[in-house]
Amino acid sequence: MNEKGHSLAQLLVIPLLLLSVMLIFDLILGLGEVSTAFKRFANALLTSYTLGSGAMLGAMFFYADSRNKPLSPLIGMLFATFLGAVLMLFALSYSDLLLEGNGSMQAQFFSNVVHLLVVTSAICAAFGLNAGLLMSFISGQPPRTMPWDDEEE
Amino acid sequence: MEAWISALLWYWFPFALVPLGIWLSLARGNEKLQKIGMPLAVLGIIFVMASPWTAPESDSSASGHLLLSIAGPVLLLAWGCFLAIFGGQVPVGRLPPVARKGGYVAIVIGICWLAFMHYEAPPIWREDINPYWGTWWAVFILSAIMSSGLLAQMAHTIGNMRTKETILMVGICLSFVLLGLIYFMLVDTNAISAEQFRTDIWLAGADLFGTVIGGLLAIAIFAIVITMYERNLPEPAKTNPLSITEKERVTEILKDIVGGEKDE
(Lines give C-alpha, C1' and ligand atoms only; values in the text may rest on other atoms or scores of the structure.)
Protein backbone atom coordinates (compact mmCIF):
# COMPACT_ATOMS: atom_id res chain seq x y z
CA MET A 1 0.00 0.00 0.00
CA ASN A 2 1.45 3.40 -0.93
CA GLU A 3 1.26 6.63 1.05
CA LYS A 4 -1.98 7.68 -0.64
CA GLY A 5 -3.59 4.47 0.59
CA HIS A 6 -3.99 2.59 -2.70
CA SER A 7 -3.40 -1.14 -2.59
CA LEU A 8 -2.21 -3.41 -5.39
CA ALA A 9 -5.71 -4.85 -5.68
CA GLN A 10 -7.07 -1.37 -6.44
CA LEU A 11 -4.43 -0.91 -9.11
CA LEU A 12 -5.57 -4.12 -10.81
CA VAL A 13 -9.21 -3.03 -10.99
CA ILE A 14 -8.83 -0.98 -14.19
CA PRO A 15 -6.90 -3.60 -16.23
CA LEU A 16 -9.27 -6.39 -15.18
CA LEU A 17 -12.27 -4.20 -15.95
CA LEU A 18 -10.87 -3.40 -19.39
CA LEU A 19 -10.22 -7.08 -20.08
CA SER A 20 -13.74 -8.01 -18.98
CA VAL A 21 -15.31 -5.31 -21.17
CA MET A 22 -13.31 -6.46 -24.19
CA LEU A 23 -14.21 -10.10 -23.68
CA ILE A 24 -17.90 -9.26 -23.21
CA PHE A 25 -17.78 -7.18 -26.38
CA ASP A 26 -16.07 -10.10 -28.08
CA LEU A 27 -18.80 -12.46 -26.89
CA ILE A 28 -21.60 -10.19 -28.09
CA LEU A 29 -20.10 -9.90 -31.57
CA GLY A 30 -19.91 -13.68 -31.88
CA LEU A 31 -17.13 -16.21 -31.67
CA GLY A 32 -15.90 -19.09 -33.77
CA GLU A 33 -14.67 -22.38 -32.35
CA VAL A 34 -13.64 -21.70 -28.74
CA SER A 35 -14.33 -25.05 -27.10
CA THR A 36 -10.62 -25.39 -26.28
CA ALA A 37 -10.61 -22.19 -24.19
CA PHE A 38 -10.68 -24.06 -20.86
CA LYS A 39 -7.91 -26.39 -21.99
CA ARG A 40 -5.83 -23.40 -23.07
CA PHE A 41 -6.41 -21.73 -19.69
CA ALA A 42 -5.55 -24.86 -17.69
CA ASN A 43 -2.50 -25.69 -19.81
CA ALA A 44 -1.24 -22.10 -19.57
CA LEU A 45 -1.77 -22.05 -15.80
CA LEU A 46 -0.06 -25.38 -15.11
CA THR A 47 2.86 -24.72 -17.46
CA SER A 48 3.38 -21.19 -16.22
CA TYR A 49 3.21 -22.34 -12.59
CA THR A 50 5.60 -25.27 -13.08
CA LEU A 51 8.20 -23.38 -15.11
CA GLY A 52 7.75 -20.31 -12.89
CA SER A 53 8.40 -22.43 -9.79
CA GLY A 54 11.45 -23.90 -11.53
CA ALA A 55 12.75 -20.37 -12.14
CA MET A 56 12.00 -19.47 -8.51
CA LEU A 57 13.92 -22.59 -7.44
CA GLY A 58 16.89 -21.10 -9.32
CA ALA A 59 16.31 -17.77 -7.54
CA MET A 60 16.24 -19.67 -4.24
CA PHE A 61 19.93 -20.54 -4.75
CA PHE A 62 20.75 -16.82 -4.64
CA TYR A 63 18.67 -16.47 -1.49
CA ALA A 64 20.45 -19.48 0.03
CA ASP A 65 23.82 -17.88 -0.76
CA SER A 66 22.89 -14.89 1.38
CA ARG A 67 21.65 -17.06 4.27
CA ASN A 68 24.43 -19.57 4.94
CA LYS A 69 23.03 -22.06 2.39
CA PRO A 70 20.00 -23.47 4.29
CA LEU A 71 18.43 -26.57 2.77
CA SER A 72 14.83 -26.29 3.95
CA PRO A 73 13.66 -23.43 1.63
CA LEU A 74 15.37 -25.17 -1.31
CA ILE A 75 13.55 -28.40 -0.52
CA GLY A 76 10.29 -26.47 -0.05
CA MET A 77 10.59 -24.84 -3.47
CA LEU A 78 11.70 -28.13 -5.05
CA PHE A 79 8.55 -29.73 -3.64
CA ALA A 80 6.37 -26.91 -5.03
CA THR A 81 7.94 -27.37 -8.49
CA PHE A 82 7.59 -31.13 -8.28
CA LEU A 83 3.93 -30.75 -7.28
CA GLY A 84 3.27 -28.57 -10.32
CA ALA A 85 5.02 -31.05 -12.62
CA VAL A 86 3.09 -34.01 -11.19
CA LEU A 87 -0.23 -32.14 -11.49
CA MET A 88 0.54 -31.22 -15.08
CA LEU A 89 1.60 -34.74 -16.05
CA PHE A 90 -1.47 -36.19 -14.32
CA ALA A 91 -3.84 -33.76 -16.07
CA LEU A 92 -2.17 -34.35 -19.43
CA SER A 93 -2.26 -38.13 -19.12
CA TYR A 94 -5.86 -38.25 -17.84
CA SER A 95 -7.90 -39.12 -20.93
CA ASP A 96 -8.04 -36.06 -23.22
CA LEU A 97 -8.72 -33.64 -20.37
CA LEU A 98 -6.05 -31.16 -21.50
CA LEU A 99 -4.99 -32.48 -24.90
CA GLU A 100 -5.51 -29.87 -27.64
CA GLY A 101 -5.14 -31.70 -30.91
CA ASN A 102 -1.79 -33.20 -29.90
CA GLY A 103 -1.54 -36.98 -30.12
CA SER A 104 0.38 -37.62 -26.93
CA MET A 105 1.13 -36.23 -23.51
CA GLN A 106 4.74 -35.45 -24.48
CA ALA A 107 3.67 -33.57 -27.61
CA GLN A 108 1.16 -31.53 -25.57
CA PHE A 109 3.79 -30.74 -22.95
CA PHE A 110 6.26 -29.44 -25.53
CA SER A 111 3.47 -27.55 -27.28
CA ASN A 112 2.58 -25.91 -23.93
CA VAL A 113 6.16 -24.80 -23.37
CA VAL A 114 6.36 -23.28 -26.86
CA HIS A 115 2.99 -21.62 -26.31
CA LEU A 116 4.23 -20.13 -23.05
CA LEU A 117 7.25 -18.69 -24.88
CA VAL A 118 4.95 -17.04 -27.44
CA VAL A 119 2.54 -15.65 -24.83
CA THR A 120 5.33 -14.42 -22.56
CA SER A 121 7.09 -12.66 -25.44
CA ALA A 122 3.82 -10.89 -26.36
CA ILE A 123 3.19 -9.82 -22.76
CA CYS A 124 6.78 -8.53 -22.39
CA ALA A 125 6.63 -6.63 -25.70
CA ALA A 126 3.31 -4.96 -24.81
CA PHE A 127 4.30 -4.11 -21.24
CA GLY A 128 7.74 -2.90 -22.35
CA LEU A 129 6.18 -0.64 -24.98
CA ASN A 130 3.77 0.96 -22.51
CA ALA A 131 6.38 1.31 -19.78
CA GLY A 132 8.68 2.97 -22.33
CA LEU A 133 5.90 5.33 -23.42
CA LEU A 134 5.10 6.31 -19.82
CA MET A 135 8.79 6.92 -19.10
CA SER A 136 9.07 9.06 -22.22
CA PHE A 137 6.00 11.10 -21.17
CA ILE A 138 7.56 11.64 -17.76
CA SER A 139 10.99 12.54 -19.15
CA GLY A 140 9.30 14.88 -21.64
CA GLN A 141 8.05 17.18 -18.88
CA PRO A 142 10.20 20.16 -17.85
CA PRO A 143 12.23 19.50 -14.69
CA ARG A 144 10.35 20.37 -11.55
CA THR A 145 11.53 23.12 -9.24
CA MET A 146 11.70 22.48 -5.53
CA PRO A 147 8.92 24.11 -3.46
CA TRP A 148 11.56 25.62 -1.16
CA ASP A 149 14.46 28.01 -1.79
CA ASP A 150 17.95 26.69 -2.44
CA GLU A 151 19.99 26.28 0.70
CA GLU A 152 22.43 29.16 1.20
CA GLU A 153 26.05 28.09 1.58
CA MET B 1 19.48 -37.08 -38.82
CA GLU B 2 16.15 -38.10 -37.33
CA ALA B 3 13.60 -35.32 -36.87
CA TRP B 4 13.43 -35.54 -33.07
CA ILE B 5 17.22 -35.46 -32.72
CA SER B 6 17.50 -32.39 -34.92
CA ALA B 7 14.67 -30.72 -32.93
CA LEU B 8 16.46 -31.58 -29.69
CA LEU B 9 19.82 -30.29 -30.93
CA TRP B 10 18.72 -27.20 -32.83
CA TYR B 11 15.59 -26.08 -31.00
CA TRP B 12 15.25 -27.42 -27.44
CA PHE B 13 18.92 -27.29 -26.48
CA PRO B 14 19.28 -23.59 -27.53
CA PHE B 15 15.88 -22.92 -25.95
CA ALA B 16 17.20 -24.25 -22.63
CA LEU B 17 20.28 -22.01 -22.97
CA VAL B 18 18.08 -18.89 -22.63
CA PRO B 19 16.96 -19.35 -18.98
CA LEU B 20 20.33 -20.94 -18.15
CA GLY B 21 22.16 -17.91 -19.54
CA ILE B 22 19.93 -15.49 -17.63
CA TRP B 23 20.45 -17.52 -14.46
CA LEU B 24 24.22 -17.53 -14.91
CA SER B 25 24.28 -13.78 -15.58
CA LEU B 26 22.66 -13.26 -12.18
CA ALA B 27 25.09 -15.60 -10.36
CA ARG B 28 27.20 -13.83 -7.79
CA GLY B 29 30.73 -14.65 -6.78
CA ASN B 30 31.91 -15.92 -10.17
CA GLU B 31 32.60 -13.19 -12.71
CA LYS B 32 33.47 -15.63 -15.50
CA LEU B 33 30.05 -17.29 -15.26
CA GLN B 34 28.37 -13.88 -15.08
CA LYS B 35 30.16 -12.75 -18.24
CA ILE B 36 29.18 -15.77 -20.33
CA GLY B 37 25.56 -15.74 -19.09
CA MET B 38 24.07 -13.06 -21.32
CA PRO B 39 25.94 -14.04 -24.54
CA LEU B 40 24.74 -17.62 -23.92
CA ALA B 41 21.11 -16.45 -23.64
CA VAL B 42 21.41 -14.31 -26.80
CA LEU B 43 23.02 -17.21 -28.64
CA GLY B 44 20.13 -19.42 -27.54
CA ILE B 45 17.57 -16.93 -28.89
CA ILE B 46 19.45 -16.66 -32.19
CA PHE B 47 19.51 -20.44 -32.57
CA VAL B 48 15.79 -20.66 -31.74
CA MET B 49 15.13 -18.01 -34.41
CA ALA B 50 17.24 -19.99 -36.86
CA SER B 51 15.34 -23.23 -36.14
CA PRO B 52 13.11 -22.94 -39.28
CA TRP B 53 16.33 -23.68 -41.24
CA THR B 54 18.17 -25.90 -38.78
CA ALA B 55 15.19 -28.05 -37.68
CA PRO B 56 12.53 -27.54 -40.38
CA GLU B 57 10.70 -30.80 -39.64
CA SER B 58 9.88 -29.79 -36.05
CA ASP B 59 6.50 -28.13 -35.41
CA SER B 60 8.10 -26.15 -32.58
CA SER B 61 10.25 -24.32 -35.13
CA ALA B 62 7.13 -22.32 -36.02
CA SER B 63 7.70 -20.36 -32.81
CA GLY B 64 11.28 -19.59 -33.90
CA HIS B 65 9.89 -18.44 -37.22
CA LEU B 66 7.39 -16.21 -35.42
CA LEU B 67 10.08 -14.66 -33.19
CA LEU B 68 12.15 -13.93 -36.28
CA SER B 69 9.15 -12.39 -38.06
CA ILE B 70 8.29 -10.03 -35.21
CA ALA B 71 11.92 -9.18 -34.37
CA GLY B 72 11.90 -6.21 -36.79
CA PRO B 73 8.87 -4.32 -35.45
CA VAL B 74 9.62 -5.21 -31.82
CA LEU B 75 13.22 -3.97 -32.07
CA LEU B 76 11.92 -0.82 -33.76
CA LEU B 77 9.50 -0.28 -30.84
CA ALA B 78 12.32 -0.81 -28.33
CA TRP B 79 14.60 1.60 -30.21
CA GLY B 80 11.77 4.13 -30.43
CA CYS B 81 11.18 3.95 -26.68
CA PHE B 82 14.91 4.39 -26.03
CA LEU B 83 15.06 7.52 -28.23
CA ALA B 84 11.84 8.96 -26.79
CA ILE B 85 13.00 8.50 -23.19
CA PHE B 86 16.58 9.75 -23.59
CA GLY B 87 15.55 12.61 -25.90
CA GLY B 88 13.73 14.11 -22.90
CA GLN B 89 14.82 15.68 -19.62
CA VAL B 90 16.96 12.90 -18.20
CA PRO B 91 19.95 13.65 -15.96
CA VAL B 92 22.36 11.27 -17.72
CA GLY B 93 22.88 10.15 -21.31
CA ARG B 94 20.60 12.82 -22.74
CA LEU B 95 20.18 12.75 -26.52
CA PRO B 96 19.42 15.79 -28.72
CA PRO B 97 15.72 16.85 -28.60
CA VAL B 98 15.15 15.63 -32.17
CA ALA B 99 15.70 12.05 -30.89
CA ARG B 100 12.45 12.32 -28.95
CA LYS B 101 10.39 13.00 -32.08
CA GLY B 102 12.33 10.34 -33.95
CA GLY B 103 11.53 7.89 -31.16
CA TYR B 104 7.79 8.49 -31.43
CA VAL B 105 7.98 8.13 -35.22
CA ALA B 106 9.79 4.79 -34.77
CA ILE B 107 7.09 3.63 -32.31
CA VAL B 108 4.30 4.57 -34.72
CA ILE B 109 6.09 2.79 -37.59
CA GLY B 110 6.58 -0.28 -35.38
CA ILE B 111 2.87 -0.41 -34.49
CA CYS B 112 1.88 0.17 -38.14
CA TRP B 113 4.25 -2.62 -39.19
CA LEU B 114 2.55 -5.05 -36.79
CA ALA B 115 -0.90 -3.87 -37.89
CA PHE B 116 0.13 -4.34 -41.52
CA MET B 117 1.24 -7.89 -40.70
CA HIS B 118 -2.21 -8.53 -39.26
CA TYR B 119 -3.96 -6.80 -42.11
CA GLU B 120 -2.03 -7.95 -45.14
CA ALA B 121 1.11 -9.95 -44.57
CA PRO B 122 1.10 -12.36 -41.61
CA PRO B 123 4.13 -14.61 -41.18
CA ILE B 124 3.81 -17.61 -43.49
CA TRP B 125 4.90 -21.03 -42.21
CA ARG B 126 4.59 -24.15 -44.36
CA GLU B 127 2.45 -22.26 -46.92
CA ASP B 128 -0.06 -21.18 -44.27
CA ILE B 129 -0.30 -18.46 -41.61
CA ASN B 130 2.10 -19.20 -38.75
CA PRO B 131 -0.01 -21.05 -36.11
CA TYR B 132 1.41 -18.91 -33.31
CA TRP B 133 0.90 -15.55 -35.02
CA GLY B 134 -2.80 -15.24 -34.08
CA THR B 135 -2.00 -16.05 -30.45
CA TRP B 136 0.94 -13.62 -30.28
CA TRP B 137 -0.94 -10.72 -31.86
CA ALA B 138 -4.10 -11.19 -29.79
CA VAL B 139 -2.13 -11.52 -26.53
CA PHE B 140 -0.07 -8.44 -27.51
CA ILE B 141 -3.20 -6.34 -28.06
CA LEU B 142 -4.90 -7.51 -24.85
CA SER B 143 -1.70 -7.04 -22.83
CA ALA B 144 -1.18 -3.59 -24.35
CA ILE B 145 -4.69 -2.55 -23.28
CA MET B 146 -4.31 -3.98 -19.79
CA SER B 147 -0.78 -2.68 -19.19
CA SER B 148 -1.57 0.84 -20.46
CA GLY B 149 -4.63 0.88 -18.15
CA LEU B 150 -2.51 -0.35 -15.25
CA LEU B 151 0.25 2.21 -15.88
CA ALA B 152 -2.29 5.03 -16.25
CA GLN B 153 -3.76 4.01 -12.91
CA MET B 154 -0.29 3.83 -11.35
CA ALA B 155 0.70 7.25 -12.72
CA HIS B 156 -2.49 8.68 -11.22
CA THR B 157 -2.40 7.02 -7.81
CA ILE B 158 1.30 6.59 -7.07
CA GLY B 159 2.71 9.54 -9.05
CA ASN B 160 2.69 13.06 -7.69
CA MET B 161 1.09 15.66 -10.02
CA ARG B 162 1.16 13.29 -12.99
CA THR B 163 -2.22 14.24 -14.48
CA LYS B 164 -0.83 14.96 -17.93
CA GLU B 165 1.01 11.63 -18.11
CA THR B 166 -2.12 9.85 -16.85
CA ILE B 167 -4.24 11.44 -19.58
CA LEU B 168 -1.66 10.47 -22.23
CA MET B 169 -1.63 6.85 -20.98
CA VAL B 170 -5.43 6.76 -21.00
CA GLY B 171 -5.23 8.03 -24.59
CA ILE B 172 -2.81 5.20 -25.49
CA CYS B 173 -5.14 2.69 -23.83
CA LEU B 174 -8.19 3.98 -25.72
CA SER B 175 -6.22 4.00 -28.98
CA PHE B 176 -5.41 0.31 -28.55
CA VAL B 177 -9.04 -0.44 -27.65
CA LEU B 178 -10.57 1.51 -30.52
CA LEU B 179 -8.09 0.99 -33.32
CA GLY B 180 -6.57 -2.36 -32.47
CA LEU B 181 -9.33 -4.34 -30.93
CA ILE B 182 -12.70 -3.00 -31.97
CA TYR B 183 -11.62 -2.15 -35.52
CA PHE B 184 -10.02 -5.55 -36.13
CA MET B 185 -12.94 -7.26 -34.39
CA LEU B 186 -15.40 -5.77 -36.86
CA VAL B 187 -13.48 -5.63 -40.12
CA ASP B 188 -12.32 -8.62 -42.18
CA THR B 189 -8.75 -8.16 -43.35
CA ASN B 190 -7.11 -9.69 -46.39
CA ALA B 191 -5.31 -12.18 -44.19
CA ILE B 192 -7.75 -12.99 -41.39
CA SER B 193 -11.50 -12.69 -40.85
CA ALA B 194 -13.00 -10.61 -38.05
CA GLU B 195 -14.60 -13.74 -36.56
CA GLN B 196 -11.24 -15.52 -36.49
CA PHE B 197 -9.69 -12.52 -34.76
CA ARG B 198 -12.49 -12.47 -32.17
CA THR B 199 -11.87 -16.17 -31.56
CA ASP B 200 -8.14 -15.48 -31.18
CA ILE B 201 -8.91 -12.72 -28.67
CA TRP B 202 -11.10 -15.05 -26.61
CA LEU B 203 -8.44 -17.76 -26.55
CA ALA B 204 -5.77 -15.13 -25.85
CA GLY B 205 -7.81 -14.10 -22.79
CA ALA B 206 -7.61 -17.72 -21.58
CA ASP B 207 -3.86 -17.82 -22.27
CA LEU B 208 -3.23 -14.49 -20.59
CA PHE B 209 -5.25 -15.32 -17.46
CA GLY B 210 -3.66 -18.77 -17.17
CA THR B 211 -0.11 -17.52 -17.66
CA VAL B 212 -0.44 -14.57 -15.28
CA ILE B 213 -2.22 -16.56 -12.55
CA GLY B 214 0.28 -19.44 -12.83
CA GLY B 215 3.24 -17.05 -12.67
CA LEU B 216 1.81 -15.14 -9.70
CA LEU B 217 1.11 -18.42 -7.91
CA ALA B 218 4.75 -19.47 -8.34
CA ILE B 219 5.93 -16.12 -6.97
CA ALA B 220 3.47 -16.35 -4.06
CA ILE B 221 4.75 -19.82 -3.14
CA PHE B 222 8.34 -18.56 -3.32
CA ALA B 223 7.40 -15.76 -0.90
CA ILE B 224 5.54 -18.17 1.41
CA VAL B 225 8.49 -20.60 1.55
CA ILE B 226 10.91 -17.78 2.45
CA THR B 227 8.52 -16.30 5.03
CA MET B 228 8.03 -19.69 6.69
CA TYR B 229 11.77 -20.28 6.81
CA GLU B 230 12.53 -16.83 8.22
CA ARG B 231 9.85 -17.18 10.88
CA ASN B 232 11.31 -20.47 12.06
CA LEU B 233 14.80 -19.06 12.47
CA PRO B 234 15.94 -18.91 16.14
CA GLU B 235 16.32 -15.53 17.77
CA PRO B 236 19.90 -14.25 17.39
CA ALA B 237 21.99 -14.85 20.53
CA LYS B 238 22.33 -11.85 22.81
CA THR B 239 25.78 -10.32 22.85
CA ASN B 240 27.65 -9.31 25.98
CA PRO B 241 27.66 -5.62 26.91
CA LEU B 242 30.70 -3.59 25.83
CA SER B 243 33.80 -3.83 28.02
CA ILE B 244 35.45 -0.68 29.34
CA THR B 245 38.18 -0.83 26.68
CA GLU B 246 35.60 -1.22 23.93
CA LYS B 247 33.58 1.69 25.28
CA GLU B 248 36.69 3.85 25.29
CA ARG B 249 37.43 2.87 21.70
CA VAL B 250 33.86 3.70 20.62
CA THR B 251 34.05 7.07 22.37
CA GLU B 252 37.33 7.73 20.59
CA ILE B 253 35.82 6.96 17.18
CA LEU B 254 32.72 9.05 17.89
CA LYS B 255 34.88 11.98 18.95
CA ASP B 256 36.83 11.67 15.73
CA ILE B 257 33.68 11.71 13.62
CA VAL B 258 31.40 14.09 15.49
CA GLY B 259 34.06 16.41 16.90
CA GLY B 260 35.90 16.72 13.61
CA GLU B 261 39.03 17.91 15.38
CA LYS B 262 41.31 15.61 13.43
CA ASP B 263 39.77 16.41 10.04
CA GLU B 264 42.28 17.61 7.50
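Reminder, nothing fancy here: chain letters follow the sequence lines and each chain counts from 1. Values below: every heavy atom of this structure, side chains too, minus hydrogens, waters and symmetry copies. Just so it is clear, the structure is predicted and the values come from calculations on it, not from any experiment.
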Student check: side-chain heavy atoms of Tyr11(B) and Val114(A) closer than 4.5 Å: yes

Engaged part of Leu134(A) at the chain B interface, taking heavy atoms whose separation is under 4.5 Å: both

CZ (Phe222(B)) with more than 12 external heavy atoms under 6.0 Å: yes

Heavy-atom proximity to chain A below 4.5 Å, by part of Tyr229(B): side chain

Interface residue of largest heavy-atom contact number with chain A, from Leu83(B), Val225(B), Val90(B), under 4.5 Å: Val225(B)

Side-chain heavy-atom pair Met146(B), Ile14(A) within 4.5 angstrom cut-off: no

Part of Leu67(B) lying under 4.5 Å from any heavy atom of chain A: side chain

Note, Asn130(A) side chain near Leu150(B) side chain (heavy atom, < 4.5 Å): no

Under 4.5 Å from any heavy atom of chain B - which part of Leu29(A): both

Leading residue by heavy atom contact count with chain A [cutoff under 4.5 Å; candidates Ile85(B), Leu186(B), Val74(B)]: Ile85(B)

Chain A contact via Arg100(B) - side chain, backbone, both or neither, heavy atoms under 4.5 Å: side chain

Which atoms of Leu116(A) approach chain B - backbone, side chain, both or neither, heavy atom under 4.5 Å: side chain

4.5 Å side-chain heavy-atom contact, Leu31(A) and Glu195(B): no

Engaged part of Leu18(A) at the chain B interface, taking heavy atoms whose separation is under 4.5 Å: side chain

Val119(A) and Trp136(B): CA distance, side-chain angles, deciding distance, side chain to side chain contact (heavy atoms under 4.5 Å, CB included) verdict: CA-CA 6 Å; Val119(A) 170; Trp136(B) 190 90; over 6 Å; no

Which portion of Ile201(B) sits near chain A, non-hydrogen atoms under 4.5 angstrom: both

Heavy-atom pairs under 4.5 Å with chain B, option from Ser72(A), Ser121(A), Gly84(A), Ala55(A) with the top count: Ser121(A)

Option that, when pairs with chain A are counted at under 4.5 Å, heavy atom only, ranks first among Gly205(B), Gly149(B), Ala218(B), Ser193(B): Ala218(B)

Polar side-chain atom of Ser136(A) near backbone of Ala84(B) as donor-acceptor pair, under 3.5 Å: no

Val21(A)/Val177(B) under side chain to side chain contact (heavy atoms under 4.5 Å, CB included): CA gap, chis, key distance, verdict: CA-CA 10 Å; Val21(A) 169; Val177(B) 171; over 6 Å; no

Among the listed options Asp200(B), Ile213(B), Leu168(B), Leu77(B), the residue most often paired with chain A at heavy-atom distances under 4.5 Å: Leu168(B)

Heavy-atom proximity to chain A below 4.5 Å, by part of Trp12(B): side chain

Side chain to side chain contact (heavy atoms under 4.5 Å, CB included) evaluation trace for Leu27(A) with Trp202(B): CA-CA 8 Å; Leu27(A) 200 59; Trp202(B) 188 263; 3.8 Å; yes

Leu203(B) and Thr36(A), any side-chain heavy atoms less than 4.5 Å apart: yes

Ile22(B), part contacting chain A, at a heavy-atom distance under 4.5 Å: neither

Derivation of the side chain to side chain contact (heavy atoms under 4.5 Å, CB included) call for Tyr104(B) and Leu133(A): CA-CA 9 Å; Tyr104(B) 287 129; Leu133(A) 279 170; 4.0 Å; yes

Met49(B) CE: over 12 foreign heavy atoms closer than 6.0 Å: yes

Side chain proximity check, Gln141(A) to Gln89(B), heavy atoms < 4.5 angstrom: no

Largest heavy-atom contact set with chain B, pairs under 4.5 Å, which of Phe79(A), Phe127(A), Phe110(A): Phe110(A)

Largest heavy-atom contact set with chain B, pairs under 4.5 Å, which of Gly76(A), Gly58(A), Gly52(A), Ala80(A): Gly58(A)

Validation row: Asp207(B), Phe41(A) side chains within 4.5 angstrom (heavy atoms): no

Over 12 foreign heavy atoms within 6.0 Å of CE, Met105(A): yes

Segment of Ile224(B) engaging chain A (4.5 angstrom heavy-atom cut-off): neither

Choice from Val113(A), Thr81(A), Leu45(A), Thr50(A) maximising heavy atom contacts with chain B below 4.5 Å: Leu45(A)

Proximity breakdown for Glu33(A) and chain B, heavy-atom pairs closer than 4.5 Å: backbone

Residue Leu151(B) versus chain A: region with a heavy atom under 4.5 Å: both

Structural part of Phe82(B) lying under 4.5 Å from a heavy atom of chain A: neither

Phe61(A) versus chain B, the contacting section by heavy-atom distance below 4.5 Å: side chain

Flag side-chain contact, heavy atom, 4.5 Å: Ile221(B) against Ser53(A): no

Among the listed options Ala204(B), Ala144(B), Gly64(B), the residue most often paired with chain A at heavy-atom distances under 4.5 Å: Ala144(B)

